[in-house]
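Data block below; observations after.
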Protein chains: 2
Amino acid sequence: MVRTPPRTQPARTRIEDLRRGELIAAAHRVFMQHGLGGMTTKRICEEAGMSPGILSYYFKGKDDVLFAMVRMNNRLLVEDVLVRLNQSATRWDRLLAVIEGNFPAAVYERNVATAWLSVVAASPGNPRYARLQSLFYARMRSNLASAFAGILPPVRFAGMARTITTLVDGFWLQKSAGEPVSRDEAVTLIVTTVAALLTPDERAALQSR
Amino acid sequence: MVRTPPRTQPARTRIEDLRRGELIAAAHRVFMQHGLGGMTTKRICEEAGMSPGILSYYFKGKDDVLFAMVRMNNRLLVEDVLVRLNQSATRWDRLLAVIEGNFPAAVYERNVATAWLSVVAASPGNPRYARLQSLFYARMRSNLASAFAGILPPVRFAGMARTITTLVDGFWLQKSAGEPVSRDEAVTLIVTTVAALLTPDERAALQSR
DNA sequence: TAAATTATTGTATGTGCGTTCAAATAAATG
DNA sequence: CATTTATTTGAACGCACATACAATAATTTA
């Protein structure tokens, strides 16, 4: 008798998710083109073809949209790496997958780098971002561990992981600064450096099945 | 008869330089504490113990102060490295001087890193910053060349310089992201990596007088 | 000391921002 | 179709900011 089938829920949710998705996508485009500072609510709604007030209806505020956007981008990157990891036979392939996963094709470009940098720079004042950041590093370390497990002792692995993550971050920063570095150059340089840091035995172990 | 000794010039210039210096120093402090976004003209003048309007009197505008500040900080870093370079006997010492010069004692810390990152993120829209940036990289490459000249062929030197600058940038980014890396860890890791990328012969050549 | 120049103040002005909200429209419901 | 509910609008508000500027104080000059 008290049964109240929420038939309205699905419909309402569908349009709500749709609008939220559109706004996030619009925010992404504005972010890429104008940077963090130029990402205004008015511009986002305009880009989405909606009225300025709509943002408050679907989000708590501007920061909420921004966070949702960062979260979504992160999810896409993570999924990409996971797919590659599952397709990798050798540890070396896994290593390559993790490294290349940080430079997605057609994404390693100046605007994106600057946008991402802006978020990092804004992190210290925003606990949610800070948390997202450290999760990012932790996940990358974990992925790298799946390649080096049983080959490098813990201390050396820590150093190796630090070197790789630092190089990745550095390449993104340089991209933002306008340095002419291609995706391939970045990946190649990192791989070369990793190889140089390994002993011949370790290299062999990494490349075997 | 037409002689007009500009006695007034020195006095006027002295106080002008003084005020400009004070404002730049205040801007620096505000920048470090509140980041680029929180660096408002009102706060700067307040920090300098002056009235809000004074800024327009000594500078063209807020951007002008910011640029002067970045310029000054850059100059300090450069001078520091030059002193160290002149005191270095071997090429290896010169290499160390350049690397350590990028992590000045008591300066490699989160606020500074974030501030510096904000400026880089703002560079793409500001030609003056962009120019300063590329000058920075060029100078670093030039300094590194003084260590590797005659030891590494051009192509390998280019790769080596890229590795080093990328690691430096990466360490600053990680510092801003809150990763717990000390100055010594950063320097050690970079030196280790450079050493691993060199052949025994090259290492020996670098360490000889 | 009187006059003129320079330095400093504090207020005023205009701009752009995020957010709110009553009203209008569209959709769903019975 | 009438009514309720969900969605969207666009104007309005308050706020913080950079900058301009007339008024005032201090300093230099003659």
Side-chain angles (χ1 to χ4, degrees), chain A residues 3-27 30-31 33-69 118 122 125-126 128, chain B residues 1-27 30-31 33-69 118 122 125-126 128:
Chain A
R3 209 160 51 100
T4 45
R7 281 274 166 68
T8 58
Q9 278 285 30
R12 202 189 326 149
T13 301
R14 244 195 318 246
I15 212 175
E16 182 169 328
D17 287 355
L18 182 67
R19 291 288 173 274
R20 284 177 65 97
E22 286 171 349
L23 281 171
I24 291 176
V30 172
F31 189 37
Q33 194 175 355
H34 296 88
L36 186 61
M39 188 175 64
T40 136
T41 53
K42 194 188 161 203
R43 264 210 265 257
I44 294 174
C45 296
E46 192 176 322
E47 175 73 31
M50 308 182 194
S51 157
I54 200 72
L55 203 143
S56 304
Y57 186 74
Y58 286 111
F59 290 91
K60 200 185 148 193
K62 183 192 160 183
D63 285 351
D64 207 24
V65 191
L66 216 159
F67 185 73
M69 189 198 81
S118 306
N126 193 325
R128 295 170 90 191
Chain B
M1 297 299 183
V2 211
R3 209 161 51 100
T4 46
R7 281 275 166 66
T8 59
Q9 278 285 32
R12 200 189 328 151
T13 300
R14 240 190 326 238
I15 212 175
E16 183 171 327
D17 288 354
L18 183 66
R19 291 290 173 273
R20 286 177 63 98
E22 286 171 349
L23 281 171
I24 290 176
V30 172
F31 190 37
Q33 194 176 353
H34 296 87
L36 186 60
M39 188 175 64
T40 137
T41 53
K42 193 188 163 203
R43 264 211 265 257
I44 294 173
C45 295
E46 190 175 321
E47 174 74 32
M50 308 182 194
S51 156
I54 201 71
L55 202 143
S56 303
Y57 187 74
Y58 286 113
F59 290 91
K60 200 186 149 192
K62 182 192 161 185
D63 285 351
D64 207 23
V65 191
L66 216 159
F67 185 73
M69 189 198 80
S118 306
N126 193 325
R128 295 170 90 190

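A, B, ... follow the sequence lines: proteins, then strands. Residue 1 opens every chain.
Contact check, B:Tyr57 against C:dT8: no side-chain N or O comes under 4.0 Å of OP1 or OP2.
Note: CG (A:Leu55) to C1' (C:dT20) measures 13 Å, nearest angstrom. A:Met50 has its CE atom 15 Å from the C1' atom of C:dA26, to the nearest Å. For the pair B:Leu23 CG and C:dA7 P, the interatomic distance rounds to 13 Å; values are reported in whole Å. As rounded to whole Å, 15 Å separates atom C1' of C:dC17 from atom NE2 of A:His34. Rounded to whole angstrom, the span from the CD1 atom of A:Ile54 across to the P atom of D:dG10 amounts to 11 Å. We find that CZ of B:Phe59 is positioned 13 Å from P of C:dT8, with the value rounded to whole Å. Distance A:Arg19 CZ to D:dT8 C1': 9 Å, rounded to the nearest Å. Summarising the geometry, the separation between CD on A:Glu46 and P on C:dG16 is reported as 14 Å, rounded to the nearest angstrom.
The closest side-chain heavy-atom distance from A:Phe59 to A:Ile24 is below 4.5 Å.
Set against C:dT8, D:dT19, C:dT20, the side chain of B:Ser56 has D:dT19 as its closest nucleotide.
Scored by the side chain to side chain donor-acceptor pair (under 3.5 Å) test, A:Gln33 finds no partners at all (sequence neighbours excluded). Considering only residues two or more places apart in sequence or on other chains, B:Asp63 meets the salt bridge (Lys or Arg N to Asp or Glu O under 4.0 Å) condition with none of them. Scored by the salt bridge (Lys or Arg N to Asp or Glu O under 4.0 Å) test, B:Arg128 finds B:Asp64 as partners (sequence neighbours excluded).
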- Message: Can you build the contact string for nucleotides 11-18 of chain D? Use B for base contact, S for sugar-phosphate-only contact, and - for no protein heavy atom under 4.0 Å.
- Response: ------SS
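Sorted by first and then second residue, the pairs that involve residues 36-62 of chain B and meet salt bridge (Lys or Arg N to Asp or Glu O under 4.0 Å), not counting sequence neighbours, are B:Arg29-B:Glu47.
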- Task: I would like to know whether B:Arg19 and B:Ile15 meet side-chain contact (heavy atoms from CB on, under 4.5 Å); could you show each step before the answer?
- Result: CA-CA 6 Å; B:Arg19 291 290 173 273; B:Ile15 212 175; 4.2 Å; yes
